[in-house]
Amino acid sequence: MGSVETRPLALRDADAGDSADADLQFIPMYGAIIAFKNYNPLLGILYSPWVGWAHFQEFISSSSFTTLLNTFKLSAYGLLLGFPPPIILAMSLNQIMNKKIQQKLQLILYALNFISVVIIVGMLVREWPD
């Protein structure tokens, strides 16, 4: 069969080779084959009829696939529009020379993420009364 190094990882013995080799051992995902079969619980995974790519073609042509694509698009938009602004804000706040103003702005901007708006307004009214 060849030396341990030339055999596929799934065929290597767990105790063969050095300790680094033992970390690379794996067992194939037995249940992954179910995606390519017309699963029947009475027959089990191995004896259910093979359908190949039919389930994938059915899913791609369904409306669920369009919904999945829309979900990925919304996630991408969320990353693009939600990731840079906090970094830009943090860098802008870092450029403020007056430390008192910088601290108050940080409190106002970041506290909104953790405290109720009612409490924030109460803090602002108490800090800066008219």
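Starting from 1, each residue takes its place in the sequence as its number.
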Colleague: Rounded to the nearest 0.5 Å, how far apart are CG of N98 and CD1 of I96?
Modeller: 8.5 Å
Colleague: Taking side-chain contact (heavy atoms from CB on, under 4.5 Å) as the test, write out the residues that go with L109, two or more places apart.
Modeller: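 Result, side-chain contact (heavy atoms from CB on, under 4.5 Å) vs L109: L89, L93.
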Colleague: Please answer: with hydrophobic residues joined when any side-chain heavy atoms are less than 4.5 Å apart, are L107 and W128 in the same cluster?
Modeller: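 Yes; tracing contacts between hydrophobic side chains, which count when under 4.5 Å, links both residues.
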Colleague: Check whether the side chains of K100 and Q103 place a donor and an acceptor atom closer than 3.5 Å, and report yes or no.
Modeller: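 Not at all, the side chains of K100 and Q103 share no donor-acceptor pair under 3.5 Å.
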Colleague: What is the distance from atom CG of L124 to atom CZ of R126, rounded to the nearest 0.5 Å?
Modeller: 12.5 Å
Colleague: Should the heavy atoms of other residues, nucleotides or ligands under 6.0 Å from CD of Q102 be counted, would the total exceed 12?
Modeller: yes
Colleague: If we only count heavy atoms from C-beta on, is the L43 to P49 side-chain gap below 4.5 Å?
Modeller: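 The answer is yes, as the side chains (C-beta and beyond) meet within the 4.5 Å cut-off.
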Colleague: Using the side-chain contact (heavy atoms from CB on, under 4.5 Å) criterion, which residues pair with S116? Sequence neighbours excluded.
Modeller: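 side-chain contact (heavy atoms from CB on, under 4.5 Å) check on S116 returns V118, I119.
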Colleague: Test of understanding: clusters of I, L, V, M, F, W, Y form through side-chain heavy atoms closer than 4.5 Å, transitively. Do L105 and I88 belong to the same one?
Modeller: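 Different clusters: L105 never reaches I88 through Ile, Leu, Val, Met, Phe, Trp or Tyr contacts under 4.5 Å.
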Colleague: Grouping I, L, V, M, F, W and Y whenever their side-chain heavy atoms are under 4.5 Å apart, do F72 and F59 come out in a common cluster?
Modeller: yes
Colleague: Verify the cluster assignment for I34 and V51: are they in a single hydrophobic cluster under the rule of side-chain heavy atoms below 4.5 Å apart?
Modeller: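 No; V51 is not reachable from I34 via cluster members.
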Colleague: Work out which heavy atom in P86 is nearest to a heavy atom in G82; give both atom names and the distance.
Modeller: CD-O, 3.3 Å
Colleague: List the residues meeting side-chain contact (heavy atoms from CB on, under 4.5 Å) with I87, not counting sequence neighbours, and say none if there are none.
Modeller: F83, M91
Colleague: Looking at Y39 and S48, what are the two nearest heavy atoms and their distance?
Modeller: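 Between these two residues, the closest heavy atoms are CA-OG, 3.6 Å.
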Colleague: I need the minimum non-hydrogen distance between A35 and F56, along with the two atoms involved.
Modeller: CB-CZ, 3.9 Å
Colleague: Grab the two heavy atoms, one from E127 and one from K104, that are nearest each other, plus how far apart they are.
Modeller: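 Looking at all heavy atoms of both residues, the closest pair is OE2-NZ, 2.6 Å.
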Colleague: Rounded to the nearest 0.5 Å, how far apart are CG of L68 and CD1 of I60?
Modeller: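 Those atoms lie 10.0 Å apart.
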Colleague: Can a donor-acceptor pair be found, under 3.5 Å and without considering hydrogens, that links the side chain of H55 to the backbone of K37?
Modeller: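 At least one qualifying donor-acceptor pair exists.
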Colleague: Are the side chains of I33 and W50 in contact, using a 4.5 Å heavy-atom criterion?
Modeller: yes
